[in-house]
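Please read these numbers as outputs of a predicted model, since none were measured by experiment.
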Amino acid sequence: DIRNLFKNPDVLPADKIALKWNDPDEEGLVEFMVHENQFSETNIRSGVKKMLASKGKGNQMRIDSFFSVSATKPKPKSKEGDKGKDAKRKSGSAVASSNKKSKK
């Protein structure tokens, strides 16, 4: 019986439902949230005020509007700079290995 409820739920077709946005019923929300569910009345009233204030504002921005595309220029490689780096790496590793040996 429970399996049948999940496989064949009792739902209305979408074309038979008419949804319409109205201003929230502040007193109804306070009655339900505060008196029946023990929420703070000040938090509920401030939440309703925020909801009413955001109603006139625009839609949410797309994430791609936060980023801009900029072209980067590739840096030219020089053979002298690369050799100097390799020489420093080799000499630095040799010094480091000799320091390890001397600490023992």
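- To the nearest 0.5 Å, atom OG of residue Ser54 and atom NZ of residue Lys49 are 14.5 Å apart.
- Heavy atoms of other residues, nucleotides or ligands lying less than 6.0 angstrom from CD1 of Ile63 number 12 at most.
- Between atom CD of residue Glu27 and atom CZ of residue Arg45 there is a gap of 4.5 Å, rounded to the nearest 0.5 Å.
- Atom CG of Asp10 is separated from atom CG of Leu12 by 7.5 Å, given to the nearest 0.5 angstrom.
- For Asp15, the CG atom sits in a packed shell: over 12 heavy atoms of surrounding residues, nucleotides or ligands are nearer than 6.0 Å.
- If you take CG on Asn8 and CZ on Arg3, they are separated by 12.0 Å, rounding to the nearest 0.5 Å.
- Closest of all the heavy-atom pairs between Pro24 and Leu29 is CB-CD1, 4.0 Å.
- Side-chain heavy atoms closer than 4.5 Å link hydrophobic residues (I, L, V, M, F, W, Y) into clusters, and following such links, even through other members, never connects Met51 to Ile44.
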